[in-house]
Amino acid sequence: MRAIQRLTVAAIALTVAFAATPAEAALPGHQLVSTVSVSDSATTKSATATCPAGKQVVGAGAYIDGVEGQVILDDLIPTATTVRATGYEIQGGTTANWWIRAFAVCASPLPGYEIVTTAGASSSANKTATAACPAGKQVIGSGAAVTGGLGQVVMGTMQPSSTGTTVIGYEDADGTAATWYLTAYAICATAPAGTEIVTSTTLSDSLNKSASPTCPAGKLPLGQGWAITTTEPGRVVSDIAMPTANGAMAVARESGAVGTSWSLSARVVCATQ
(Lines give C-alpha, C1' and ligand atoms only; values in the text may rest on other atoms or scores of the structure.)
Protein backbone atom coordinates (compact mmCIF):
# COMPACT_ATOMS: atom_id res chain seq x y z
CA MET A 1 0.00 0.00 0.00
CA ARG A 2 2.71 2.49 1.05
CA ALA A 3 4.80 1.49 -1.99
CA ILE A 4 1.96 2.40 -4.30
CA GLN A 5 1.51 5.74 -2.53
CA ARG A 6 5.23 6.62 -2.66
CA LEU A 7 5.38 5.72 -6.36
CA THR A 8 2.36 7.89 -7.09
CA VAL A 9 3.66 10.93 -5.23
CA ALA A 10 6.91 10.67 -7.20
CA ALA A 11 4.95 10.44 -10.44
CA ILE A 12 2.97 13.57 -9.55
CA ALA A 13 6.15 15.52 -8.84
CA LEU A 14 7.56 14.49 -12.20
CA THR A 15 4.31 15.18 -14.04
CA VAL A 16 3.69 18.63 -12.62
CA ALA A 17 7.27 19.68 -13.36
CA PHE A 18 7.23 18.40 -16.91
CA ALA A 19 6.63 20.57 -19.97
CA ALA A 20 8.12 19.60 -23.30
CA THR A 21 10.60 22.03 -24.83
CA PRO A 22 10.46 22.64 -28.58
CA ALA A 23 13.50 20.41 -29.10
CA GLU A 24 11.78 17.54 -27.24
CA ALA A 25 8.19 18.10 -28.24
CA ALA A 26 6.45 15.10 -29.76
CA LEU A 27 3.38 17.33 -30.22
CA PRO A 28 3.38 21.09 -30.76
CA GLY A 29 2.95 22.82 -27.39
CA HIS A 30 2.65 19.57 -25.42
CA GLN A 31 2.21 20.44 -21.73
CA LEU A 32 0.81 18.83 -18.57
CA VAL A 33 -1.22 21.04 -16.23
CA SER A 34 -2.74 20.10 -12.88
CA THR A 35 -4.91 21.67 -10.17
CA VAL A 36 -5.72 20.32 -6.71
CA SER A 37 -8.86 20.71 -4.61
CA VAL A 38 -9.06 21.60 -0.94
CA SER A 39 -8.31 18.81 1.54
CA ASP A 40 -11.20 18.02 3.91
CA SER A 41 -13.75 15.30 4.63
CA ALA A 42 -16.59 16.68 2.50
CA THR A 43 -18.62 13.99 0.74
CA THR A 44 -17.66 15.19 -2.72
CA LYS A 45 -15.22 17.63 -4.24
CA SER A 46 -13.84 18.65 -7.62
CA ALA A 47 -10.77 20.20 -9.20
CA THR A 48 -10.50 21.79 -12.64
CA ALA A 49 -7.27 22.00 -14.66
CA THR A 50 -7.16 24.61 -17.43
CA CYS A 51 -4.90 24.66 -20.48
CA PRO A 52 -2.95 27.84 -21.24
CA ALA A 53 -4.37 30.22 -23.85
CA GLY A 54 -4.05 28.88 -27.37
CA LYS A 55 -3.88 25.21 -26.33
CA GLN A 56 -6.49 22.44 -26.27
CA VAL A 57 -7.10 19.46 -24.01
CA VAL A 58 -5.82 16.22 -25.59
CA GLY A 59 -5.93 14.06 -22.46
CA ALA A 60 -7.40 13.94 -18.95
CA GLY A 61 -6.50 12.37 -15.62
CA ALA A 62 -7.17 12.40 -11.88
CA TYR A 63 -5.52 11.49 -8.59
CA ILE A 64 -7.33 10.97 -5.26
CA ASP A 65 -5.27 10.87 -2.06
CA GLY A 66 -5.73 10.84 1.72
CA VAL A 67 -7.88 7.70 1.64
CA GLU A 68 -7.53 4.27 0.08
CA GLY A 69 -10.60 2.73 -1.54
CA GLN A 70 -13.06 5.02 0.25
CA VAL A 71 -13.49 7.62 -2.49
CA ILE A 72 -14.38 6.85 -6.10
CA LEU A 73 -13.65 8.82 -9.24
CA ASP A 74 -17.14 10.00 -10.19
CA ASP A 75 -16.37 12.35 -13.09
CA LEU A 76 -13.45 12.99 -15.44
CA ILE A 77 -14.89 15.51 -17.88
CA PRO A 78 -12.86 17.12 -20.66
CA THR A 79 -13.82 20.23 -22.58
CA ALA A 80 -11.74 21.90 -25.28
CA THR A 81 -9.77 23.84 -22.64
CA THR A 82 -10.44 22.25 -19.22
CA VAL A 83 -10.60 18.95 -17.34
CA ARG A 84 -12.84 18.60 -14.30
CA ALA A 85 -12.26 15.67 -11.93
CA THR A 86 -14.77 14.85 -9.19
CA GLY A 87 -14.42 12.41 -6.31
CA TYR A 88 -17.30 10.99 -4.29
CA GLU A 89 -17.10 9.13 -0.99
CA ILE A 90 -18.44 5.58 -1.11
CA GLN A 91 -21.52 4.52 0.83
CA GLY A 92 -20.92 5.13 4.54
CA GLY A 93 -18.43 7.91 3.83
CA THR A 94 -15.18 8.58 5.68
CA THR A 95 -14.03 10.98 8.37
CA ALA A 96 -10.59 11.25 6.78
CA ASN A 97 -9.48 14.36 4.94
CA TRP A 98 -8.89 13.73 1.24
CA TRP A 99 -8.27 15.69 -1.92
CA ILE A 100 -8.44 15.28 -5.69
CA ARG A 101 -6.10 16.56 -8.39
CA ALA A 102 -7.21 17.09 -12.01
CA PHE A 103 -4.75 16.75 -14.89
CA ALA A 104 -5.05 18.25 -18.37
CA VAL A 105 -2.71 17.17 -21.14
CA CYS A 106 -2.56 20.21 -23.41
CA ALA A 107 -1.25 20.83 -26.93
CA SER A 108 -1.50 23.32 -29.75
CA PRO A 109 -4.68 22.85 -31.81
CA LEU A 110 -4.73 19.64 -33.85
CA PRO A 111 -6.46 19.18 -37.24
CA GLY A 112 -9.98 17.78 -36.98
CA TYR A 113 -10.19 18.30 -33.22
CA GLU A 114 -13.56 17.64 -31.59
CA ILE A 115 -15.01 16.03 -28.47
CA VAL A 116 -17.74 13.44 -29.00
CA THR A 117 -20.10 12.75 -26.10
CA THR A 118 -22.51 9.84 -25.63
CA ALA A 119 -24.87 9.53 -22.65
CA GLY A 120 -26.42 6.16 -21.86
CA ALA A 121 -29.92 5.36 -20.65
CA SER A 122 -30.86 6.11 -17.04
CA SER A 123 -31.73 3.06 -14.91
CA SER A 124 -30.67 1.17 -11.81
CA ALA A 125 -28.46 -1.48 -13.42
CA ASN A 126 -24.83 -1.92 -14.48
CA LYS A 127 -24.30 -0.35 -17.88
CA THR A 128 -21.93 0.66 -20.68
CA ALA A 129 -21.59 3.83 -22.76
CA THR A 130 -19.39 4.30 -25.83
CA ALA A 131 -18.47 7.52 -27.63
CA ALA A 132 -17.18 6.93 -31.17
CA CYS A 133 -15.03 9.24 -33.29
CA PRO A 134 -16.24 10.11 -36.80
CA ALA A 135 -14.73 8.25 -39.73
CA GLY A 136 -11.20 9.38 -40.48
CA LYS A 137 -10.48 10.51 -36.92
CA GLN A 138 -8.85 8.73 -34.00
CA VAL A 139 -9.22 8.90 -30.24
CA ILE A 140 -6.44 10.88 -28.61
CA GLY A 141 -8.04 11.22 -25.15
CA SER A 142 -10.95 10.01 -23.05
CA GLY A 143 -13.32 11.06 -20.28
CA ALA A 144 -16.26 9.68 -18.34
CA ALA A 145 -18.96 10.73 -15.89
CA VAL A 146 -21.46 9.05 -13.58
CA THR A 147 -24.67 11.00 -12.98
CA GLY A 148 -26.91 10.01 -10.08
CA GLY A 149 -24.61 7.35 -8.64
CA LEU A 150 -24.00 9.28 -5.40
CA GLY A 151 -20.92 7.24 -4.49
CA GLN A 152 -22.54 3.86 -5.12
CA VAL A 153 -21.47 3.44 -8.75
CA VAL A 154 -17.88 2.53 -9.64
CA MET A 155 -16.34 3.31 -13.02
CA GLY A 156 -14.76 -0.07 -13.64
CA THR A 157 -13.59 0.86 -17.13
CA MET A 158 -12.73 4.04 -19.02
CA GLN A 159 -10.83 2.66 -21.97
CA PRO A 160 -9.70 4.37 -25.17
CA SER A 161 -9.43 2.42 -28.41
CA SER A 162 -8.40 3.72 -31.82
CA THR A 163 -12.01 4.64 -32.64
CA GLY A 164 -13.73 5.53 -29.38
CA THR A 165 -14.00 5.53 -25.59
CA THR A 166 -15.87 2.81 -23.68
CA VAL A 167 -17.05 3.40 -20.11
CA ILE A 168 -18.50 0.69 -17.85
CA GLY A 169 -20.21 1.45 -14.54
CA TYR A 170 -21.00 -1.03 -11.78
CA GLU A 171 -23.16 -0.56 -8.71
CA ASP A 172 -21.45 -1.28 -5.40
CA ALA A 173 -21.79 -4.54 -3.46
CA ASP A 174 -25.31 -3.92 -2.14
CA GLY A 175 -26.52 -2.01 -5.19
CA THR A 176 -28.67 1.10 -5.25
CA ALA A 177 -32.31 1.84 -6.00
CA ALA A 178 -31.34 5.20 -7.51
CA THR A 179 -31.45 5.66 -11.27
CA TRP A 180 -28.15 6.74 -12.79
CA TYR A 181 -26.43 6.97 -16.16
CA LEU A 182 -23.00 7.12 -17.74
CA THR A 183 -21.51 9.60 -20.17
CA ALA A 184 -18.51 8.69 -22.34
CA TYR A 185 -16.22 11.31 -23.87
CA ALA A 186 -13.95 10.74 -26.85
CA ILE A 187 -11.43 13.45 -27.73
CA CYS A 188 -10.99 12.98 -31.46
CA ALA A 189 -8.66 14.40 -34.11
CA THR A 190 -6.94 13.55 -37.33
CA ALA A 191 -4.38 11.09 -36.00
CA PRO A 192 -1.07 12.78 -35.14
CA ALA A 193 2.00 11.13 -36.67
CA GLY A 194 3.04 7.94 -34.89
CA THR A 195 -0.15 7.56 -32.89
CA GLU A 196 -0.35 4.26 -31.00
CA ILE A 197 -1.96 2.84 -27.86
CA VAL A 198 0.25 1.15 -25.27
CA THR A 199 -1.28 -1.19 -22.67
CA SER A 200 0.11 -2.53 -19.39
CA THR A 201 -1.73 -5.28 -17.46
CA THR A 202 -1.02 -6.49 -13.94
CA LEU A 203 -1.05 -10.00 -12.59
CA SER A 204 -4.41 -11.32 -11.38
CA ASP A 205 -4.52 -11.57 -7.58
CA SER A 206 -6.39 -10.02 -4.63
CA LEU A 207 -3.92 -7.22 -3.84
CA ASN A 208 -4.21 -3.50 -4.52
CA LYS A 209 -2.22 -2.77 -7.65
CA SER A 210 -0.92 -0.25 -10.17
CA ALA A 211 -0.19 -0.38 -13.90
CA SER A 212 2.06 2.05 -15.78
CA PRO A 213 2.22 1.87 -19.58
CA THR A 214 5.14 3.78 -21.09
CA CYS A 215 5.30 5.48 -24.48
CA PRO A 216 8.14 4.38 -26.79
CA ALA A 217 11.22 6.58 -27.02
CA GLY A 218 10.52 9.75 -28.97
CA LYS A 219 6.82 9.81 -28.17
CA LEU A 220 4.75 11.59 -25.52
CA PRO A 221 1.43 10.74 -23.84
CA LEU A 222 -1.95 12.18 -24.73
CA GLY A 223 -5.00 10.46 -23.23
CA GLN A 224 -5.16 7.45 -20.93
CA GLY A 225 -7.59 4.98 -19.42
CA TRP A 226 -8.02 1.83 -17.39
CA ALA A 227 -10.04 -1.39 -17.06
CA ILE A 228 -10.61 -3.50 -13.94
CA THR A 229 -11.28 -7.18 -14.65
CA THR A 230 -13.07 -8.91 -11.78
CA THR A 231 -15.93 -11.30 -11.07
CA GLU A 232 -17.00 -8.99 -8.24
CA PRO A 233 -17.55 -5.63 -9.98
CA GLY A 234 -18.24 -2.68 -7.75
CA ARG A 235 -15.84 -3.85 -5.02
CA VAL A 236 -12.66 -2.54 -6.69
CA VAL A 237 -12.20 1.17 -7.41
CA SER A 238 -9.70 3.06 -9.52
CA ASP A 239 -8.84 6.23 -7.64
CA ILE A 240 -5.76 7.19 -9.66
CA ALA A 241 -5.70 7.46 -13.45
CA MET A 242 -3.15 10.04 -14.47
CA PRO A 243 -0.69 11.01 -17.18
CA THR A 244 3.03 10.97 -16.39
CA ALA A 245 5.93 12.54 -18.26
CA ASN A 246 6.33 9.49 -20.51
CA GLY A 247 3.12 7.48 -20.14
CA ALA A 248 0.33 6.94 -17.63
CA MET A 249 -0.41 5.36 -14.28
CA ALA A 250 -3.57 3.71 -12.94
CA VAL A 251 -4.05 2.49 -9.37
CA ALA A 252 -6.95 0.31 -8.19
CA ARG A 253 -7.84 -0.67 -4.64
CA GLU A 254 -10.38 -2.93 -3.01
CA SER A 255 -13.19 -0.96 -1.35
CA GLY A 256 -14.53 -4.03 0.44
CA ALA A 257 -13.76 -7.69 0.93
CA VAL A 258 -12.99 -9.28 -2.44
CA GLY A 259 -12.89 -13.05 -2.43
CA THR A 260 -11.47 -13.59 -5.89
CA SER A 261 -8.47 -12.49 -7.93
CA TRP A 262 -8.70 -9.45 -10.18
CA SER A 263 -6.46 -7.52 -12.54
CA LEU A 264 -5.93 -3.98 -13.76
CA SER A 265 -5.08 -2.78 -17.27
CA ALA A 266 -3.91 0.74 -18.06
CA ARG A 267 -3.66 2.32 -21.50
CA VAL A 268 -1.99 5.42 -22.85
CA VAL A 269 -2.29 7.05 -26.26
CA CYS A 270 1.15 8.08 -27.54
CA ALA A 271 2.15 10.20 -30.53
CA THR A 272 5.09 11.94 -32.13
CA GLN A 273 5.49 14.43 -34.96
So if you build clusters from Ile, Leu, Val, Met, Phe, Trp, Tyr with side-chain heavy-atom gaps below 4.5 Å, do [X] and [Y] land together?
X	Y	result
Leu110	Tyr185	yes
Trp262	Ile90	no
Val236	Val153	yes

Keeping the roles fixed (side chain from [X], backbone from [Y]), state whether a donor-acceptor pair exists under 3.5 Å.
X	Y	value
Asp40	Ala42	yes
Ser200	Ala266	no
Gln138	Thr163	no
Lys137	Gly112	yes
Thr35	Thr48	yes
Lys45	Trp98	yes

Show the nearest heavy-atom pair for residues [X] and [Y], with the distance to one decimal.
X	Y	answer
Thr86	Ser46	OG1-OG, 2.6 Å
Asn97	Ser41	OD1-N, 3.3 Å
Met155	Trp226	O-NE1, 3.3 Å
Val36	Ala47	C-CB, 4.1 Å
Gln159	Gly225	OE1-C, 3.7 Å

In a check of side-chain contact (heavy atoms from CB on, under 4.5 Å) between Val57 and each of Val83, Val105, Thr82, which one passes?
-> Val83
Partners of Val154 by side chain to side chain contact (heavy atoms under 4.5 Å, CB included), sequence neighbours excluded?
-> Ile72, Val237
Side-chain heavy atoms of Pro192 within contact of Leu27, under 4.5 Å | yes
Nearest 0.5 Å please: distance from the OG1 atom of Thr190 over to the OH atom of Tyr113.
-> 13.0 Å
Does a side-chain N-to-carboxylate-O contact under 4.0 Å join Asp172 and Arg235?
-> no
